[in-house]
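Encoded as structure tokens, the structure appears first; notes follow it.
One is the number of the first residue; the rest follow in order along the sequence. Note that the structure is a prediction, hence the values are computed from the model and not measured. Hydrogens, waters and symmetry mates play no part in the numbers below; they use all other heavy atoms, side chains included.
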Amino acid sequence: MDRWFLFLLLTLVFPLYPAIATDSAVGRAHLERGNYVAAYREFRGLAERGYPVYQNVIAGMHAEGKGVPRDLVLAHVWYSLSAAQGDTEGVAGKERLEKTLTDDQLMTSRRLAREYAERYLAPYRTSGDWQL
């Protein structure tokens with residue numbers, strides 16, 4: 001699974017956003033060395049700037065416990081933010097986790113997703129291009 005995760009990130013995700021290549025290069029370097037804590041820190045900054053692809057990366061790291069404690073609620077939150085912007089990977093991750101989370105966990109995730117959306121989506125997106 002670790003190799004697949006790394007392969008996915010390096011071949012499919014990172015080439016999509018050349019404007020942030022410098023920022024993501026640091027995260028990739030940490031990831032390649034297995035320093036998931038540092039990689040998470042770099043990718044979290046990109047996710048907070050509203051990039052769905054990095055929101056998916058952060059969600060996956062939460063789901064797998066890479067660099068952070070495993071937390072399916074936070075994984076669902078980040079997939080929800082990505083999905084709100086129409087990202088198909090975000091939609092799939094969100095739907096996959098909804099099958100495993102309890103009702104209480106889903107309520108918590110939805111509340112956090114609204115808070116995160118105000119903080120991490122609203123400043124970077126027009127009102128018409130995302131919706132929770």
Side-chain angles (χ1 to χ4, degrees):
M1 188 83 151
D2 289 347
R3 287 183 187 169
W4 174 247
F5 182 73
L6 182 60
F7 171 79
L8 181 66
L9 290 177
L10 295 177
T11 60
L12 300 177
V13 175
F14 298 116
L16 298 177
Y17 291 94
I20 55 174
T22 303
D23 291 343
S24 68
V26 175
R28 279 195 321 267
H30 288 305
L31 194 64
E32 289 169 359
R33 289 192 299 269
N35 187 349
Y36 296 113
V37 172
Y40 178 87
R41 188 173 45 248
E42 295 297 326
F43 296 140
R44 173 76 187 241
L46 294 167
E48 288 177 357
R49 285 188 246 161
Y51 293 105
V53 69
Y54 293 102
Q55 292 166 347
N56 292 331
V57 171
I58 292 301
M61 293 179 86
H62 278 289
E64 294 184 22
K66 301 254 185 225
V68 291
R70 186 169 190 257
D71 188 331
L72 297 181
V73 170
L74 284 177
H76 186 264
V77 168
W78 285 105
Y79 278 133
S80 296
L81 296 181
S82 176
Q85 297 175 84
D87 185 87
T88 55
E89 185 182 338
V91 170
K94 177 179 179 260
E95 289 174 352
R96 187 174 54 250
L97 287 176
E98 285 174 351
K99 295 175 185 175
T100 64
L101 296 176
T102 67
D103 289 342
D104 286 342
Q105 289 173 315
L106 281 171
M107 283 180 26
T108 299
S109 176
R110 290 177 180 139
R111 179 183 51 77
L112 287 172
R114 285 189 300 274
E115 291 174 16
Y116 280 36
E118 287 302 316
R119 190 177 310 146
Y120 303 128
L121 294 185
Y124 301 103
R125 303 287 183 245
T126 61
S127 61
D129 69 353
W130 66 273
Q131 181 178 354
L132 280 175

What residues form a side-chain hydrogen bond (donor to acceptor under 3.5 Å, both in side chains) with E98, not counting sequence neighbours? H76, K94

Nearest heavy atoms of S82 and N56, plus distance in Å: OG-OD1, 2.9 Å

Quick one: pull up CG in D71 and OG in S109 and give me the separation to the nearest 0.5 Å. 9.0 Å

side-chain hydrogen bond (donor to acceptor under 3.5 Å, both in side chains) filter on T102, not counting sequence neighbours, yields Q105

If you group Ile, Leu, Val, Met, Phe, Trp and Tyr by side-chain heavy-atom gaps below 4.5 Å, do L112 and V57 land in one group? yes

Less than 4.0 angstrom from a charged side-chain N to a carboxylate O is my criterion; do E48 and R44 meet it? yes

Same apolar cluster (I L V M F W Y, side chains within < 4.5 Å links), L81/V68: yes

If the condition is side chain to side chain contact (heavy atoms under 4.5 Å, CB included), which residues does A39 pass it with, not counting sequence neighbours? H30, L31, F43, M61

E118 (side chain) donor-acceptor with R114 (main chain) under 3.5 angstrom: no

By side chain to side chain contact (heavy atoms under 4.5 Å, CB included) - contacts of T88 (at least two apart): none

For A59, give me all partners under side chain to side chain contact (heavy atoms under 4.5 Å, CB included), at least two apart in sequence or on another chain. W78, Y79

Salt bridge (charged side-chain N to carboxylate O under 4.0 Å, His left out) partners of R41, counting only residues at least two apart: none

Applying side-chain contact (heavy atoms from CB on, under 4.5 Å), run through L106 and R110 and close with a yes or a no. CA-CA 6 Å; L106 281 171; R110 290 177 180 139; 3.9 Å; yes

Step through it carefully: locate the ring centre of Y116, locate the ring centre of Y120, and say whether they are under 6.0 Å apart. yes

Just jot down the side chain to side chain contact (heavy atoms under 4.5 Å, CB included) partners of R70, sequence neighbours excluded, or say none. L72

Q55 vs L121, test: side-chain contact (heavy atoms from CB on, under 4.5 Å). Steps then yes/no. CA-CA 11 Å; Q55 292 166 347; L121 294 185; 3.6 Å; yes

Nearest-0.5 Å distance that lies between atom CG in L97 and atom CG in L74: 11.0 Å

E32 and R28 ion-paired at < 4.0 Å: no

Worked check of salt bridge (charged side-chain N to carboxylate O under 4.0 Å, His left out) between E115 and R111: CA-CA 6 Å; E115 291 174 16; R111 179 183 51 77; 3.1 Å; yes

About how many Å separate CD1 of I58 and CD of E42, when rounded to the nearest 0.5 Å? 10.0 Å

